[in-house]
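Take a look at the structure set out below.
Index from 1, following the sequence. Bear in mind that the values here come from a model prediction, so they are computed numbers and not experimental data.
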Amino acid sequence: MMQTWFECKVKYVKVSESGKEQTVTENFLLDAVSFTDAETRMIRQMQQMVKGEFSVTDIKKSKIAEVFPFENGEWWFKATINLVTIDEEAGREKKLRTYYLIMADDIKEALERLDESLSYLVIPYVVSSLAVSTIVDVFPYEPSESAVPEGFTPLEKETEE
């Protein structure tokens with residue numbers, strides 16, 4: 001199943017390391033099945049992260065095709081890749097632009113991790129841009145999140161003997 005990533009902007013009061021409160025709007029990326037699902041999941045994530053009020057100010061479908069998280073990394077880097085494929089019918093090259101998000105400490109590490117993550121590609125590609133993203137955190141879909149709401153009973157799958 002193809003993941004659909006949504007970019008969500010959330011406005012909330014963040015307490016800095018010095019203890020000063022300031023209102024921020026941060027960008028998050030999450031995997032969801034619809035705008036409604038994205039908003040619901042974003043609210044659930046923020047309730048765990050933020051003490052006090054917050055508001056989801058914007059949700060849009062992201063052009064990011066895939067996310068490459070790593071155990072460690074200070075930043076999320078957005079990479080733009082141009083893939084060159086051959087259009088068999090027209091008999092000419094076709095360029096596809098794809099976006100990826102990679103966790104890394106710096107641009108050199110991001111490029112290394114991107115190349116490593118894309119090693120499965122058989123067609124040549126060119127990295128046309130790589131920069132620190134505005135996205136501060138990524139929430140992939142967790143099957144446990146689709147828990148059955150209270151008061152509902154799941155439909156049992158027919159078991160074949």
Side-chain angles (χ1 to χ4, degrees), residues 1-83 96-118 120-121 125 127-157:
M1 189 181 96
M2 232 346 243
Q3 288 172 307
T4 307
W5 293 100
F6 289 85
E7 283 182 45
C8 301
K9 280 192 170 65
V10 182
K11 189 176 183 173
Y12 65 101
V13 174
K14 193 176 191 172
V15 179
S16 68
E17 287 174 20
S18 63
K20 203 177 92 194
E21 287 189 353
Q22 75 184 85
T23 302
V24 295
T25 300
E26 290 185 327
N27 220 353
F28 297 91
L29 188 75
L30 58 82
D31 181 9
V33 292
S34 66
F35 283 91
T36 308
D37 184 39
E39 185 176 26
T40 305
R41 293 197 53 230
M42 194 69 246
I43 289 169
R44 212 175 287 154
Q45 289 289 349
M46 295 311 290
Q47 284 169 338
Q48 295 168 14
M49 291 166 48
V50 178
K51 302 266 182 278
E53 288 184 22
F54 61 86
S55 61
V56 177
T57 58
D58 186 43
I59 299 176
K60 66 179 186 201
K61 266 191 179 172
S62 176
K63 290 183 178 175
I64 288 165
E66 209 171 334
V67 174
F68 300 123
F70 283 82
E71 281 297 307
N72 58 344
E74 183 74 23
W75 310 99
W76 285 101
F77 286 83
K78 185 178 179 181
T80 306
I81 307 294
N82 290 327
L83 297 161
L96 292 172
R97 182 172 292 157
T98 314
Y99 303 94
Y100 295 98
L101 209 61
I102 310 100
M103 181 185 271
D105 285 325
D106 56 49
I107 204 158
K108 185 176 179 286
E109 186 178 53
L111 191 58
E112 286 166 3
R113 287 177 170 183
L114 179 67
D115 283 334
E116 179 191 314
S117 300
L118 293 178
Y120 67 89
L121 286 178
Y125 65 89
V127 179
S128 59
S129 82
L130 183 61
V132 172
S133 163
T134 57
I135 289 163
V136 292
D137 211 346
V138 174
F139 304 113
Y141 181 73
E142 300 288 339
S144 63
E145 286 181 30
S146 59
V148 178
E150 232 176 279
F152 287 83
T153 4
L155 290 170
E156 296 302 322
K157 286 195 179 116

Distance-minimising heavy-atom pair for [X] and [Y]:
| X | Y | answer |
| --- | --- | --- |
| Asp105 | Trp75 | O-CD1, 3.5 Å |
| Asp115 | Tyr125 | OD1-OH, 2.7 Å |
| Phe139 | Arg41 | O-NH2, 3.7 Å |
| Trp5 | Pro140 | CH2-CA, 4.0 Å |
| Leu30 | Ala38 | CD1-CA, 3.7 Å |
| Phe68 | Tyr100 | CE1-CD2, 3.5 Å |

I'd like to know if the side chain of Thr80 and the backbone of Ser128 have a donor-acceptor N/O pair within less than 3.5 Å.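 Not a single qualifying donor-acceptor pair exists.
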Quick check: does any side chain N or O of Arg113 sit under 3.5 Å from a backbone N or O of Pro69, one acting as donor and the other as acceptor?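 Looks like no, no N/O pair under 3.5 Å.
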Contact check, side chains of [X] and [Y], non-hydrogen atoms, under 4.5 Å:
| X | Y | value |
| --- | --- | --- |
| Trp76 | Val67 | yes |
| Met49 | Phe54 | no |
| Leu114 | Ile81 | yes |

Candidate list Thr25, Thr23, Val24, Val56, test side-chain contact (heavy atoms from CB on, under 4.5 Å), partner Tyr12, passing option: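 Only match with Tyr12 under side-chain contact (heavy atoms from CB on, under 4.5 Å): Val24.
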Going from [atom1] on [X] to [atom2] on [Y], what distance comes out if it is rounded to the nearest 0.5 angstrom?
| X | Y | atom1 | atom2 | result |
| --- | --- | --- | --- | --- |
| Glu7 | Met42 | CD | CE | 12.0 Å |
| Phe77 | Asp106 | CZ | CG | 6.0 Å |
| Cys8 | Asp137 | SG | CG | 12.0 Å |
| Ile102 | Ile107 | CD1 | CD1 | 10.0 Å |
| Lys78 | Ser62 | NZ | OG | 6.0 Å |
| Leu101 | Ile135 | CG | CD1 | 5.0 Å |

Where do Phe28 and Met46 land on the side-chain contact (heavy atoms from CB on, under 4.5 Å) test, with the steps shown first? CA-CA 10 Å; Phe28 297 91; Met46 295 311 290; 4.0 Å; yes
